[in-house]
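Comments concern the structure below.
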There are 2 protein chains.
Amino acid sequence: MAKVQTKASLTQSAEQRSQRRQKIVETASKLFAQLGYADCDMDRLAAKLRVAKGTIYLYVASKEELFLACVDWGMSQMQLAVREAAEMTDDPFERIARAIRAYLTFFSEHPQYVELIIQERAIFKNRKRPTYFEYRDAARVQWRAFYQDLINKGRLRSDINVDSLLDTMGNLVYGTMFTNHFLGNRSIEEQQQTMLDIVFRGMLSDRERRAK
Amino acid sequence: MAKVQTKASLTQSAEQRSQRRQKIVETASKLFAQLGYADCDMDRLAAKLRVAKGTIYLYVASKEELFLACVDWGMSQMQLAVREAAEMTDDPFERIARAIRAYLTFFSEHPQYVELIIQERAIFKNRKRPTYFEYRDAARVQWRAFYQDLINKGRLRSDINVDSLLDTMGNLVYGTMFTNHFLGNRSIEEQQQTMLDIVFRGMLSDRERRAK
DNA sequence: TGTTAATGACTGACTGGTCAGTCACACTAT
DNA sequence: ATAGTGTGACTGACCAGTCAGTCATTAACA
């Protein structure tokens, strides 16, 4: 039908539409992060985008929907960065190290997404399970198999429960991500080194270890 | 002057005043935690307290001031619980274990304060340094000396930087506190056991440790 | 003891300001 | 001409904080 072609030339293509929406999402991410959900009003976002407020609503159903789209976009980017970094090597311990490094680096380079995680939990706590944990759970299945394999091969201690181990690692990087963001961090490289050293080898001295 | 005595009997004592304020703070803590800062409007808080809205403003300067008082109260209670638990023993490793256990237990039993930490960061991010970190920094001085002493005595590894060690421990318990709160946790006891086991002894198997 | 006055804790309807979302109209490209 | 895209003034809901007024209690006095 000619109508389809006509429409295609008259209308912005689906491609164009999603590009504009994406532009809105990325600008909103930064503004939400900078001002907080409540103080980031739609008029302000419109001004930043050099567009009228009504235009935003052509691409977005509501402020809430927009915000959640921002969080989701950020988390998917994060997951991508971590996965890519992990796949760069086959050595299992190096893989763990790279994944952690990529995770912390991502949030260090895109601090707006740390803010969005916090905002989401603070404001939509009764409406939505935190997106961060959705992504975390999805990735966990594979990491669990990965760690279990290392235990089976005798490379990790067999007297530690895999799930508790995963929890501990997860909690450590999660806490580190937040404090890095809140307090800043001079040397992210040294920090990661120490962190990995401790979880791999423990903080006890050799003497103390033998004594126990 | 007789007037002073008269006034003393008419007026509520300073004691009474601070008790009422405390009642407001504690009720507000739970309501802020349950509904979030924005959805917890002062009318609702007044209803919960079975008091008129105006009355609250006799004890509190503003919603913001009230909220910050809630956070501060919570953190001071937390610090108290941790300090008391740590002082129950002289064995240094047991002291670390007890402090961590008290910390996690406190937030598990008073989940409203986890919410307040999040809300504070989300809503007052540009106005106030998080109260949590104020308290954390205050306590850090003593923990630093404590860990340094253990290193000097050869009970902890001397090749790890004290500050990085403190950071790692802090990040781990911080992250654990949050995820416990968000996801709930079946066995807080087993979790703490694993966590301590890992930071003390590491997750590498003996074989792998020797190989490195 | 009974009556009136003073006190101050408490009340809740009201105000002023904010802001998400709407819609009638304008513009543009074909 | 007309369909699609953009506009921004407007509306209605919401809520922090206020303040003129109420009421219970105690003091003062006859």
Side-chain angles (χ1 to χ4, degrees), chain A residues 1-25 27-28 31-32 34-70 119 123-124 127, chain B residues 1-25 27-28 31-32 34-70 119 123-124 127:
Chain A
M1 283 184 284
K3 197 183 178 186
V4 173
Q5 281 189 346
T6 301
K7 200 176 178 186
S9 58
L10 275 178
T11 314
Q12 29 171 222
S13 64
E15 176 67 16
Q16 271 179 325
R17 245 193 96 74
S18 83
Q19 264 181 18
R20 292 205 190 164
R21 187 182 144 97
Q22 187 54 35
K23 174 76 181 161
I24 293 173
V25 167
T27 306
L31 217 56
F32 277 134
Q34 186 191 329
L35 305 169
Y37 184 79
D39 289 345
C40 172
D41 52 273
M42 298 300 272
D43 287 298
R44 201 152 175 179
L45 175 58
K48 186 111 179 178
L49 283 162
R50 295 174 158 282
V51 139
K53 186 156 69 158
T55 306
I56 296 175
Y57 283 93
L58 295 175
Y59 295 90
V60 143
S62 67
K63 188 183 181 185
E64 178 167 337
E65 189 261 331
L66 170 59
F67 178 84
L68 295 177
C70 293
Q119 298 277 330
I123 293 151
F124 301 107
R127 276 175 267 182
Chain B
M1 283 186 286
K3 199 182 176 187
V4 173
Q5 283 188 344
T6 300
K7 198 176 179 188
S9 59
L10 272 178
T11 313
Q12 39 174 214
S13 64
E15 176 67 17
Q16 271 179 323
R17 244 194 96 74
S18 83
Q19 266 181 20
R20 294 206 189 162
R21 189 183 142 97
Q22 187 54 33
K23 173 77 180 163
I24 293 173
V25 166
T27 306
L31 217 56
F32 278 134
Q34 187 190 329
L35 305 169
Y37 185 80
D39 290 344
C40 173
D41 52 274
M42 298 300 271
D43 288 297
R44 201 151 174 180
L45 174 58
K48 186 110 178 178
L49 283 162
R50 296 175 158 283
V51 140
K53 186 156 68 158
T55 307
I56 296 175
Y57 283 94
L58 296 175
Y59 296 91
V60 142
S62 67
K63 188 182 180 184
E64 178 167 336
E65 189 261 330
L66 171 59
F67 178 84
L68 294 177
C70 292
Q119 298 278 330
I123 294 152
F124 301 106
R127 275 176 269 181

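A note on names: the letters A, B, ... follow the listed sequences, proteins ahead of strands, and every chain is numbered from 1. What you are looking at is a predicted structure, and each value in this text was computed from that prediction instead of being measured.
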**Request:** Taking all non-hydrogen atoms of both residues into account, name the closest pair between B/Thr27 and B/Leu49 and its distance.
**Result:**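 That closest heavy-atom pairing would be OG1-CD2, 3.5 Å.
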**Request:** Evaluate the ring planes of A/Phe32 and A/Tyr37, with Trp represented by its six-membered ring, and classify them as parallel (under 30°), tilted (30 to 60°) or perpendicular (over 60°).
**Result:**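 The rings of A/Phe32 and A/Tyr37 lie parallel, inter-plane angle below 30°.
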**Asked** In B/S/- notation, 5' to 3', how is nucleotides 11-22 of chain C contacted by protein heavy atoms closer than 4.0 Å?
**Response** BB------SBBB
To the nearest angstrom, how far is [X] atom [atom1] from [N] atom [atom2]?
X       : N      : atom1 : atom2 : value
A/Arg17 : D/dG6  : CZ    : C1'   : 13 Å
A/Gln16 : C/dA29 : CD    : C1'   : 13 Å
A/Leu49 : D/dG8  : CG    : P     : 14 Å

**Message:** Does D/dT5 have OP1 or OP2 under 4.0 Å away from a side-chain N or O of A/Arg20?
**Reply:**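 The answer is no; no side-chain N or O of A/Arg20 sits under 4.0 Å from OP1 or OP2.
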**Item:** C/dA9 OP1/OP2 closer than 4.0 Å to side-chain N/O of B/Tyr59
**Value:**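 For C/dA9, neither OP1 nor OP2 has a side-chain N or O of B/Tyr59 closer than 4.0 Å.
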**Request:** Can you tell me which residue pairs pass the salt bridge (charged side-chain N to carboxylate O under 4.0 Å, His left out) test with a partner in residues 44-55 of chain B, sequence neighbours excluded?
**Result:**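 Of all non-adjacent pairs touching residues 44-55 of chain B, those that pass salt bridge (charged side-chain N to carboxylate O under 4.0 Å, His left out) are B/Asp43-B/Lys53.
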**Non-neighbouring partners of B/Arg127 that pass side-chain hydrogen bond (donor to acceptor under 3.5 Å, both in side chains), sequence neighbours left out** =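 In terms of side-chain hydrogen bond (donor to acceptor under 3.5 Å, both in side chains), with neighbours along the sequence ignored, B/Arg127 is linked to B/Glu64.
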**Item:** Residues forming a side-chain hydrogen bond (donor to acceptor under 3.5 Å, both in side chains) with B/Gln19, sequence neighbours excluded
**Value:**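 Result, side-chain hydrogen bond (donor to acceptor under 3.5 Å, both in side chains) vs B/Gln19: B/Glu15.
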**Message:** Run the ring pair (Phe, Tyr, Trp, His ring centres under 6.0 Å) test against A/Tyr57 and tell me which residues pass, sequence neighbours left out.
**Reply:**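 Testing A/Tyr57 for ring pair (Phe, Tyr, Trp, His ring centres under 6.0 Å), a comparison that skips the adjacent residues, returns none.
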